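Report on the structure given below.
Quick note: residue numbers are just sequence positions, from 1. First listed ligand is number 1; within each ligand, the first listed atom is number 1. If you're wondering where the values come from, they're calculated on a predicted model, not measured in any experiment.
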Amino acid sequence: MYTQGLDSLGKDCLRDEAQVGGALERRFQAHIDAEDKIEPKDWMPDAYRRTLVRQISQHAHSEIVGMLPEGNWITRAPSLLRKAILIAKVQDEGGHGAYLYSATETLGVSRDELVGQLLEGKAKYSSIFNYPTPTWADVGAIGWLVDGAAIMNQIPLCRCSYGPYARAMVRICKEESFHQRQGYDIMLRLSRGTPAQKDMAQQALNRWWWPSLMMFGPPDADSKHGVQSMRWKIKRFTNDELRQKFVDFTVPQAEFLGIRVPDPQLSWDPAAGHYRHGPIDWNEFEQVLKGNGPCNRERLEARRRAHEEGRWVRDAAVAWAAKRAGSAAPRAALTLLRRNHERRYA
Ligand code: BYC
């Protein structure tokens, strides 16, 4: 059941605007509580819209920036097969970014505006993509841990209250499962290989373990949006709950690989049925969010360069669309295209 009815519910019977607003909010929350999906044309509180624009656009940016650490290895993958798999994976991430920008656009904000915010350094994207990938094992660790963490966080998003986001997440999660498997497969091969290869896998786990735990966001006590997003059923689990699920799921996988999680305090708590991990360095997380991680500047520069180099493609698409529409615009669009081309190749 959908919620179009929210716009027309007996407004005339209500005395003033505050009363109308209150009634709309109650109806809206009742639909959420009943597990109805909210669709783009439904009435929604401004804060719900803003929260979604923030989260979905940050998610879209993460997918796009997330292409860079692994893209770094496409030309150096150790075999033709590994190269083909990695190209497909990185291409999937670009597709995820595209669906998610489209889902954000249903909330009344343009993709250009969102991309502009990213390129100006005003938008957040996942902290995890500000770490380097010095060896092939880092590609394995990203697939295993980063995509593994992404699945843990994103499967519940398939039940998010906002329809377009929830539907986009279904396909994204299917693809993330393949990504996780390809990463684990790389780690398995390395950990069953020579001592040098096994050591490479261990070093990559050492580099990616703690940043992967940080991906789930600050502890619940410091999560500004957590409580409200749970009430709106945008989030279904808290940051700490998902982090715990990830640890419980991943530690046995590391044991199977025969490599060690870099946490001397990691222990099994039989009473709770959970692994307990040591303290996370939240100071490092904050530094990365402030732009001071190992690769923040490099990532933004790479995105800015790619955006500039892709300008002619966007111009050509606009010119083609105008030509097809048969409007007076094609000549202007073609002139723009020619000018940009000349500037680029001058
Ligand atoms: N990094 O109140 P909180 C992928 C920010 S891509 C940076 O708990 P919320 C992949 C947070 O935004 C996966 N910032 O927030 C791609 C907020 O700041 P603002 C990306 C973070 O939203 C390529 C502040 O901290 N996944 O899988 O309730 C290759 C307070 O946090 C981070 C998603 O985007 C972080 N790690 O919960 C491979 C999933 N954590 O906005 C793989 C969708 C927190 O107030 N997003 N912040 O300035 C979510 O599920 C939620 O937004 C979060 C945070 C759990 C991340």
For ligand 1, is any non-hydrogen atom under 4.0 Å from Glu70's backbone (N, CA, C, O), its side chain (CB onward), both, or neither? side chain

Go through ligand 1 atom by atom and flag the ones less than 4.0 Å from a non-hydrogen atom of Met214. 36 (N)

What part of Asp222 sits under 4.0 Å from ligand 1 if we count only heavy atoms: the side chain, the backbone, both or neither? neither

Tell me yes or no: between the side chains of Gln203 and Asp199, is some donor less than 3.5 Å from an acceptor? yes

the protein heavy atom lying closest to atom 27 (O) of ligand 1 turns out to be Ala150 CB, 3.0 Å

What's the shortest distance from atom 24 (C) of ligand 1 to any protein heavy atom, and which residue and atom give it? Lys224 CE, 4.1 Å

Give yes if a backbone or side-chain nitrogen or oxygen of Gln58 is under 3.5 Å from a nitrogen or oxygen of ligand 1, and no if not. yes

Check each atom of ligand 1 against the heavy atoms of Tyr165 and keep those under 4.0 Å away; list them by number with element. 43 (C)

Arg54 N/O under 3.5 Å from ligand 1 N/O: yes

Show which atoms of ligand 1 fall inside a sub-4.0 Å distance from at least one heavy-atom site of Asn153. 39 (C), 43 (C), 49 (C), 50 (O), 55 (C)

Which ligand 1 atoms does Tyr125 reach within 4.0 Å, using its non-hydrogen atoms? 1 (N), 7 (C)

So for Glu93 against ligand 1, with non-hydrogen atoms under 4.0 Å, the contacting part is side chain

What residue and heavy atom of the protein are closest to atom 25 (O) of ligand 1, and at what distance? Leu289 CD2, 4.0 Å

Heavy-atom nearest neighbour of atom 31 (O) of ligand 1 within options Pro218, Ser57, Ser62: Pro218

Are the side chains of Val261 and Thr250 in contact, using a 4.5 Å heavy-atom criterion? no

Going by the closest heavy atom to atom 42 (C) of ligand 1, which one wins out of Val227, Asp147, Asp92? Asp147

What verdict does the side-chain contact (heavy atoms from CB on, under 4.5 Å) test give for Tyr48 and Ile234, after you've listed the backbone C-alpha separation in whole Å, the side-chain angles of each residue and the deciding distance to 0.1 Å? CA-CA 9 Å; Tyr48 177 82; Ile234 293 172; 3.9 Å; yes

Which ligand 1 atoms does Phe216 reach within 4.0 Å, using its non-hydrogen atoms? 55 (C)

Salt-bridge present (Lys245, Asp248; N to O < 4.0 Å): no

Please report which non-hydrogen protein atom sits nearest to atom 10 (C) of ligand 1, along with the residue it belongs to and the distance in Å to one decimal place. Phe129 CZ, 3.4 Å

For atom 49 (C) of ligand 1, find the nearest protein heavy atom and state the residue, atom name and distance (0.1 Å precision). Gln55 NE2, 3.5 Å

Who passes ring-ring contact (aromatic ring centres under 6.0 Å, His included) against Phe216, sequence neighbours left out? Phe246

What I want to find out is whether Glu39 reaches Arg167 closely enough, with some N-O distance under 4.0 Å, to be called a salt bridge. yes

Please check this pair: side chain of Gln287 against backbone of Asn292, looking for a donor-acceptor N/O pair closer than 3.5 Å. no

Distance below 4.0 Å between atom 44 (C) of ligand 1 and any protein heavy atom? yes

Distance-only donor-acceptor check, side chains His61 and Gln58, under 3.5 Å: no

Which of the numbered atoms in ligand 1 are under 4.0 angstrom from any heavy atom belonging to Lys89? 29 (C), 38 (C)

Quick note on ligand 1: atoms under 4.0 Å from a heavy atom of Gly217 include exactly 40 (N), 44 (C)

List the closest protein heavy-atom neighbour of atom 3 (P) of ligand 1: residue, atom name, distance to the nearest 0.1 Å. Ser223 OG, 3.5 Å

Quick check: Ser127 and ligand 1, any N/O pair under 3.5 Å apart? yes

Contact list for residues 180-195, test salt bridge (charged side-chain N to carboxylate O under 4.0 Å, His left out), sequence neighbours left out: Arg82-Asp185

For the pair Ser191 (side chain) and Gly258 (backbone), establish whether a donor and an acceptor sit closer than 3.5 Å, ignoring hydrogens and angles. no

Proximity winner for atom 56 (C) of ligand 1, if only heavy atoms of His179, Lys235, Met215 are counted: Met215

Look only at the side chain of Gln29 and the backbone of Arg231, and say whether a donor-acceptor pair between them is shorter than 3.5 Å. yes

Do me a favour and list the nearest non-hydrogen protein atom to atom 26 (N) of ligand 1 with residue, atom name and distance? Gln154 NE2, 3.7 Å

So, does Glu241 use its side chain to make a donor-acceptor pair with the main chain of Thr238 at under 3.5 Å? yes

Would you mind telling me if ligand 1 is within reach of the side chain of Phe285, the backbone, both or neither, using heavy atoms under 4.0 Å? side chain

Taking atom types as modelled and ignoring hydrogens, do the side chains of Arg171 and Tyr99 form a donor-acceptor contact shorter than 3.5 angstrom? yes

Protein contact to atom 19 (P) of ligand 1 [nearest heavy atom, distance to 0.1 Å]: Lys124 NZ, 3.6 Å

Look only at the side chain of Glu309 and the backbone of Ala306, and say whether a donor-acceptor pair between them is shorter than 3.5 Å. no

Is the number of heavy atoms from other residues, nucleotides or ligands under 6.0 Å of Gln228 CD greater than 12? yes

Report, in ascending order of atom number, the atoms of ligand 1 lying under 4.0 Å from any heavy atom of Gly66. 23 (C), 29 (C)

Run the numbers on Asp220 and Ser223 for side chain to side chain donor-acceptor pair (under 3.5 Å), then give the verdict. CA-CA 5 Å; Asp220 291 351; Ser223 165; 5.7 Å; no

